[in-house]
Structure formats: structure tokens, C-alpha cells
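Just so it is clear, the values below take in all heavy atoms, side chains as well, and ignore hydrogens, waters and symmetry mates. We count ligands from 1, going down the list as the structure has it; atoms in each ligand are counted the same way.
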Amino acid sequence: MTQKKLQSLLNKADEGFKILKEHLDNENIVRIISHNDSDGLSSAGLVARAISENDGQFHVSIISRLHEEFIKKLAREKYKVFFFCDMGSSEIEILSKNLKGDVIVADHHQITGEINDIEGNGNIVHVNPHLFNIDGTQELSASGTAYLIMKNFEIEHLASMALVGAIGDMQCENGFLGVNKIILDEGLKKGEIKVKEDIRILHKDEYLYRALAFTFYPPLTGITGDFDSAKKFLEKIGINPKARYNELDKEEKEKLKESLCKINPDIYGKIYLDPGFGQLKDLRYFSEILDACGKSKEYGLALSICLKNKNEDIEKATKILKKYNEKIIKGLKWLKRENSKKMKNIQYVYTEDKSIKPIIGTLVSIAMSVGILDDSMPTLGLYKINNHVKVSARTNMSVVEKGVNLGKALKRASDSVGGNGGGHNVAAGAMIPYKEMNNFLNIVDEIVGEQKK
Ligand code: C5P
Ligand code: C5P
Ligand code: C5P
């Protein structure tokens with residue numbers, strides 16, 4: 001990333017800030033629309049937090065996808081300013097055609113269409129790293145993009161909120177890079193963020209065997225997602241599976257660390273903390289809490305946590321996270337039994353199970369990382385909704401480095417069967433007509449084959 005590209009991105013973000021500030025000075029309510037995952041919720045939380053600390057007002061909606069009908073509904077609402085997070089880049093034209101007020105888009109998805117056509121009719125400030133050739137998959141999340149706009153308000157903890165979203169979108173697997181790293185440095189400089197080397201286990205108040213089974217990142221092959229194996233592992237190294245991490249003595253902690261490092265050395269490494277967030281001080285834990293709230297449709301709770309970090313909200317969300325993690329464990333067992341159907345260049349799993357459907361993307365991603373599924377080819381998770389099929393596709397960076405771009409593949413394949421889709425190179429989604437499922441799979445298989453050449 002060159003200084004010039006970064007400066008252009010920052011200038012665009014400043015434009016967004018100026019417009020927003022003007023609306024707040026005029027006491028206009030800011031209409032925030034954001035995505036229902038961890039990055040989307042922390043984006044909305046970050047924007048709402050900065051507005052509320054400036055004595056401004058906002059009205060938030062959390063949605064899974066931005067449809068034209070929803071935009072038309074917004075157009076009837078008479079707000080003077082709209083703030084879209086983690087979405088909007090693919091809908092700039094529709095937004096500018098329908099919305100009369102000012103529109104700020106803070107997105108980080110790949111942009112389709114002509115660069116010249118994406119500014120809208122002048123009422124849109126479109127902030128997206130990809131516009132400036134900065135990688136929005138690895139180097140900046142939606143909450144990071146929102147941060148670049150909102151940081152001008154000089155509110156505390158915004159850098160930490162930005163990184164919570166980046167972690168949620170798995171942009172911290174090799175430490176923070178690019179603009180994320182700049183945000184981290186800003187948080188460190190302000191003294192809000194602390195970085196420590198430590199064992200990377202969350203849920204330190206849980207029985208250890210459960211905490212280990214709940215360790216989805218970094219993946220612990222043979223332990224992640226499996227209570228029984230986690231128990232056996234602990235027994236083998238002479239540690240009581242029902243001890244809690246915080247109850248272990250120094251020697252036991254060392255023994256645990258050594259044994260886990262043999263499975264995955266990344267289990268010991270940098271952890272990012274904002275002590276100001278109390279029980280949610282570990283930013284990865286904060287991100288997991290938001291992810292679980294999102295998957296459980298507890299959007300109000302997630303936003304409230306981002307705004308105030310109240311203990312009673314956190315306790316409620318902690319219970320939701322535990323249940324959600326148990327669902328992931330059940331889902332991984334199902335995937336182990338089911339396995340994937342392999343094509344030439346991709347593999348897929350299909351489900352009609354209600355408890356699996358909302359987490360299929362997460363499941364295939366974790367399953368590839370711990371060897372339940374072959375990780376040398378992208379995996380598509382599919383399920384039926386009415387007459388359509390929802391697709392979640394995931395792969396890893398080593399497949400991306402061979403040329404694969406799932407966002408582009410799913411966009412092209414879904415367009416050609418009358419559906420819609422897109423996303424990032426490493427993770428993408430689509431919605432297609434049910435009757436086109438096999439056709440769609442064949443097309444994706446072919447495109448991924450072409451991309452690898
Ligand atoms: O891919 P998706 O957004 O559904 O993943 C949701 C969350 O699941 C991630 O934010 C991350 O916390 C967790 N996850 C993980 N390891 C993976 C895949 C997902 O920890 N391989
Ligand atoms: O809509 P959005 O961009 O936030 O979704 C990104 C998705 O990509 C998340 O589900 C995230 O967990 C997933 N992801 C992934 N592996 C990566 C980066 C992102 O599975 N390396
Ligand atoms: O829904 P899922 O978590 O699988 O989405 C992965 C990525 O694909 C997200 O970044 C999401 O915004 C994108 N997506 C898309 N079009 C769809 C579905 C998902 O661009 N129809």
C-alpha cells in the first residue's frame with residue numbers, strides 16, 4: 001500500500017466525516033444500515049457510539065442483505081442522511097437513484113462495475129479500500145472503513161471497535177496488516193489497546209475441555225469442535241479436563257502450552273486487549289460475542305453491548321455464545337458424518353437442517369481448517385430457502401494465491417442462472433433459484449478451474 005493510495009482513502013473518509021458532521025450539527029437523525037455479522041455489528045456499533053457521544057441521534061437497522069425493495073422502503077422514510085456499513089458498494093446506482101438525502105457508504109467488498117459509475121449522482125460518498133487498490137479482504141474491514149470516517153470525532157475506543165470487526169472477518173490470522181495495522185498503531189498510541197503474548201484460549205472460565213473444543217481460531221486439529229477428544233488430550237497430559245484455565249498452576253499452564261504448541265504453534269501468540277471493555281477486553285472474545293448475537297438474531301443486544309458494555313448485556317450474550325458454540329460443535333459432527341461431494345475443482349455440502357443452515361459458512365470454514373474437510377479446494381455450503389438456494393463459499397489464502405477468487409466466481413455463476421452473489425476472494429455467497437442448483441455448481445466448478453490456470 002503506497003502512501004498515495006492511503007491518502008486518497010483517508011481523503012474520501014474525511015469527505016464522509018464532513019457531511020455527517022454537518023447533519024449532526026443540524027440535529028438530523030442518522031439512519032444507519034448494517035450487516036448482521038460481527039464486522040457489520042461492530043461497524044454499526046462504532047458509528048452509533050461516536051454519534052451518541054456527540055449527543056447526536058441515530059436509527060439502526062441490521063440486515064443480512066441489501067435488496068432494492070429495502071432501499072425503496074428507506075426512500076419513503078424521509079431521513080436526510082443514510083450511513084451504510086459493510087454493504088452498499090454493489091448498489092451505488094440503486095442508492096443514488098432512490099435516496100434523496102446524503103448517503104455515506106463504508107464498505108470493503110470487491111467492487112463490480114465500472115469505477116467511473118460508482119460515485120452515484122453526487123449525494124453519495126463512497127468509501128471502500130478497493131476503490132484505491134487497497135485490499136479490503138485482508139487489510140481493512142467495514143468497521144475499519146467506518147473508523148476512518150468516525151475517528152475525526154476523537155471518541156475513545158473506536159480503534160478497538162474497528163479491530164473487533166477486522167477479527168470477525170478473519171483479517172487477523174497473521175497479525176494486522178495494511179490499514180488495520182495503522183489503526184492498531186493509533187489505538188496503541190492512545191494507550192487504549194494493549195498487545196500481549198499469551199495462550200490464545202478464550203472462555204477461560206469454562207471447563208478446560210470445553211474451552212479447548214471451543215477454540216476455533218487458531219484451529220487445533222483433533223481437538224477443536226470435539227469435547228471427547230479434548231477430554232482425552234487433557235487426561236493424556238495429566239491435566240483435569242474439568243479444571244478451568246484460571247485455576248491451573250504455573251506448571252500446568254506451561255505443560256498445556258507446550259502440548260498445544262505441538263498441535264499448532266499459533267496457539268501461543270499475540271492477543272489484543274482493550275482493558276476499557278471490561279469483560280470484553282479481549283478483542284477476539286468481543287468479536288465472537290457479536291458473531292454469536294448476529295447468528296442468533298440478537299441485534300439489539302449486540303448494539304447495546306457496543307454502545308455501553310453493560311455487564312448484564314454481556315452476561316446474556318455470553319450465554320448466547322455458549323449455545324452458539326455448542327451448535328457449531330454439533331454441526332461439525334454432522335459434517336464429519338456427511339462429508340462433502342467432490343467435483344473437479346470444488347466440493348459442496350447441502351443441508352435442510354434448520355440448526356445448520358445459518359452457520360453453514362462458519363462450519364465449512366472451520367471444518368477445512370481442522371482437516372474435517374479437504375482444504376485444497378473451495379467448499380460451498382448450500383441450503384434451500386423457499387424456491388431458492390443460499391450458498392456460502394469458503395476457501396483459504398493458499399488457494400486464493402493460485403488465482404481463485406470466490407467473489408468473482410459466485411457473481412458470474414449466479415448472474416448466469418438468474419441469481420445474485422459476490423463477496424471476497426476467500427469467502428463469498430450467493431442466492432440462486434433452486435432448480436438451477438446443479439447447473440450453478442457446474443458453472444462454479446468450471447470458473448474455479450479457469451481461475452487456477
Ligand atoms: O465465516 P463466518 O463469518 O461465518 O465466520 C464467523 C466467525 O466464526 C468468525 O468471525 C470467527 O470468529 C469464527 N471462525 C473461526 N475460524 C474459522 C471460521 C470461522 O474462528 N475457520
Ligand atoms: O459480509 P462480509 O464481508 O462481512 O463477510 C466476510 C466473510 O468472510 C465472513 O463470514 C468471514 O468469516 C469470512 N472470511 C473467511 N476467511 C477469511 C476472510 C473472511 O472465511 N480469510
Ligand atoms: O453469506 P455468507 O456469510 O456466506 O457471505 C460471504 C460473503 O459473500 C459476504 O461478504 C457477503 O456479503 C457476500 N455475499 C454476496 N452476495 C450474496 C451473499 C453473500 O455478496 N448473495
Does the N or O separation between His424 and ligand 2 drop below 3.5 Å for any pair? yes
Considering only heavy atoms, does Leu410 approach ligand 3 within less than 4.0 Å through its side chain, its backbone, both, or neither? neither
Numbered in order shown, the ligand 2 atoms found under 4.0 Å of a heavy atom of Gly168 are 12 (O)
Is His109 close to ligand 2, meaning an N/O of one under 3.5 Å from an N/O of the other? yes
Does Ser392 approach ligand 3 within less than 4.0 angstrom via side chain, backbone, both or neither, non-hydrogen atoms only? both
Sequence-distant partners of Lys151, side chain to side chain donor-acceptor pair (under 3.5 Å), two or more places apart: Glu186
Residues 431-444, side-chain donor-acceptor partners within the protein, below 3.5 Å, at least two apart:
unit_1 : atom_1 : unit_2 : atom_2 : d
Glu436 : OE1    : Asn439 : ND2    : 2.9
Asn442 : ND2    : Asn438 : O      : 3.2

So is there a nitrogen or oxygen of Thr137 less than 3.5 Å from a nitrogen or oxygen in ligand 2? no
Taking CZ in Arg200 as the centre, count heavy atoms belonging to other residues, nucleotides or ligands within less than 6.0 Å. Is the count above 12? yes
Nearest 0.5 angstrom please: Asn98 CG to Phe82 CZ, how far? 10.0 Å
May I ask you to identify, for His108, whether its side chain, its backbone, both or neither come under 4.0 Å of ligand 2 on a heavy-atom basis? side chain
Applying a 4.0 Å heavy-atom criterion (strictly less than), which segment of Asp169 is in contact with ligand 2: side chain, backbone, both, or neither? both
